[in-house]
Amino acid sequence: MGDYCTFLVDTFISQSNAIRTAPDILSKLINDRIINAESCMTICSDSIFPFHPEFRQPHQDDVASSPFNQSLYSGMTISVRGYGWDVDSQGNYYLTASEKSTNGLFMNYDGGFNIQCPHCHNKSSFGWAVEEDNARSEDEIAARQDAISSALGIWHDQGISHLKCHDCQTQSPIQSWQTGSFAAGYLAVTLWGQQFSLRDLENDFNWLLALLNPNQDRDRIAVVGCMI
């Protein structure tokens, strides 16, 4: 589709807490006039809520260069693995289990991605990103990709998965393997229209980081830039 977005993924939260927390996040964003109360469309089975007219988007004065003004989509998505949004007769949103919902895997679909061991911090590549991996043999790259693919498949089917590092041999939950191009978690907020770095978010969306991570837990929120 060629549209930019930024995933903010809570890598600490459990699925049960994600189910309880997401409606509160959505309600606050609507009540604070950050997003409209009606979703404009769905993409990847998630509802996109457009920014409220009163919400001042970062850099929106720079009409010529602002990605928000050039984007096909502009708004926010609140995602919970295995669930989608529905609306009752009063216009209130609630979560319902859905097989078509997000799988809780958030990655750069344009060129593959890297994942990083939370213990030794060595990285492994997946997809097209392996073309940049010149330090390992083809057999080792293939073994690493097979292990990643298996772990992602288990997460997709079961919602819980571990990956063993080829370098330090430590096994860790897939949620703890994160980089700027990959993260896994039960709860995520997506900003449609631009790829942000963590520094950008701290400057322009610090209030959103505080909403998702009020205790400021280190490494809790993974930031993944993506083009879908």
Within the distance-only criterion (no hydrogens, no angle test), does the side chain of [X] pair as donor or acceptor with the backbone N or O of [Y] below 3.5 angstrom?
X: Thr21; Y: Asn17; value: yes
X: Arg144; Y: Phe126; value: no
X: Thr96; Y: Asp86; value: no

If every non-hydrogen atom of [X] is compared with every non-hydrogen atom of [Y], which pair is closest and at what distance?
X: Gln171; Y: His162; value: CG-CB, 3.6 Å
X: Gly185; Y: Phe106; value: O-CE1, 3.8 Å
X: Ile174; Y: Ala184; value: CG2-CB, 4.1 Å

Measure the spacing between [atom1] of [X] and [atom2] of [Y] and express it to the nearest 0.5 Å.
X: Arg33; Y: Phe55; atom1: CZ; atom2: CZ; answer: 14.5 Å
X: Ile30; Y: Asn36; atom1: CD1; atom2: CG; answer: 8.5 Å
X: Gln195; Y: Tyr4; atom1: CD; atom2: OH; answer: 6.0 Å

Exercise. When you look at Met76 and Leu208, which way does the side chain to side chain contact (heavy atoms under 4.5 Å, CB included) test go after all the steps?
Worked result: CA-CA 11 Å; Met76 300 177 72; Leu208 181 56; 3.8 Å; yes
Exercise. Do other residues, nucleotides or ligands put more than 12 heavy atoms under 6.0 Å from the CD atom of Gln216?
Worked result: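 It does not: Gln216 CD has 12 such atoms or fewer within range.
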Exercise. Can you tell me if CD1 on Ile160 sees more than 12 non-hydrogen neighbours from other groups inside 6.0 Å?
Worked result: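 Counting other residues, nucleotides and ligands, CD1 of Ile160 stays at 12 neighbours or fewer.
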Problem set entry | Thr179-Asn114 side chain donor-acceptor pair, cut-off 3.5 Å |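 Asn114 and Thr179 do not have a side-chain donor-acceptor pair below 3.5 Å.
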For this session: Would you please say whether a donor-acceptor pair under 3.5 Å links the side chains of Ser79 and Thr77?
Result: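 Side chains of Ser79 and Thr77: no pair found under 3.5 Å.
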Problem set entry | Pair Arg199 + Asp204: basic N to acidic O under 4.0 Å |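 Salt bridge: no.
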For this session: Would you please classify the geometry between the Phe49 ring and the Tyr93 ring as parallel, tilted or perpendicular, with 30° and 60° separating the classes?
Result: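 Ring orientation of Tyr93 relative to Phe49: perpendicular.
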Problem set entry | Plane angle bin for Trp155 and Tyr186 - parallel if under 30°, tilted between 30 and 60°, otherwise perpendicular |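 Because their plane-to-plane angle lies in the 30° to 60° range, the rings of Tyr186 and Trp155 count as tilted.
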Could you list the donor-acceptor pairs under 3.5 angstrom formed between side-chain atoms of residues 219-228 and any protein atom two or more places apart in sequence or on another chain?
unit_1, atom_1, unit_2, atom_2, d
Arg220, NE, Asp10, OD1, 3.0
Arg220, NE, Asp10, OD2, 3.1
Arg220, NH1, Asp217, OD2, 3.2
Arg220, NH2, Asp10, OD2, 3.1

Exercise. Are Ser181 and Met107 close enough that some pair of their side-chain heavy atoms sits under 4.5 Å apart?
Worked result: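 Side chain of Ser181 against side chain of Met107, heavy atoms only: no contact under 4.5 Å found.
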For this session: Examine Phe196 together with Phe205 and report whether their ring centres are nearer than 6.0 Å.
Result: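 Yes, the ring centres sit under 6.0 Å apart.
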For this session: Mind running side chain to side chain contact (heavy atoms under 4.5 Å, CB included) on Thr6 and Trp192 for me, showing each step along the way?
Result: CA-CA 7 Å; Thr6 304; Trp192 289 97; over 6 Å; no
Problem set entry | Qualifying residues under side chain to side chain contact (heavy atoms under 4.5 Å, CB included), relative to Arg218, sequence neighbours excluded |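 Side chain to side chain contact (heavy atoms under 4.5 Å, CB included) list for Arg218, sorted by chain: empty.
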Problem set entry | Sole residue of Asp146, Leu152, Ile154, Ile148 in side-chain contact (heavy atoms from CB on, under 4.5 Å) with Ser150 |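 With Ser150 as partner, Asp146, Leu152, Ile154, Ile148 yield a single side-chain contact (heavy atoms from CB on, under 4.5 Å), made by Ile154.
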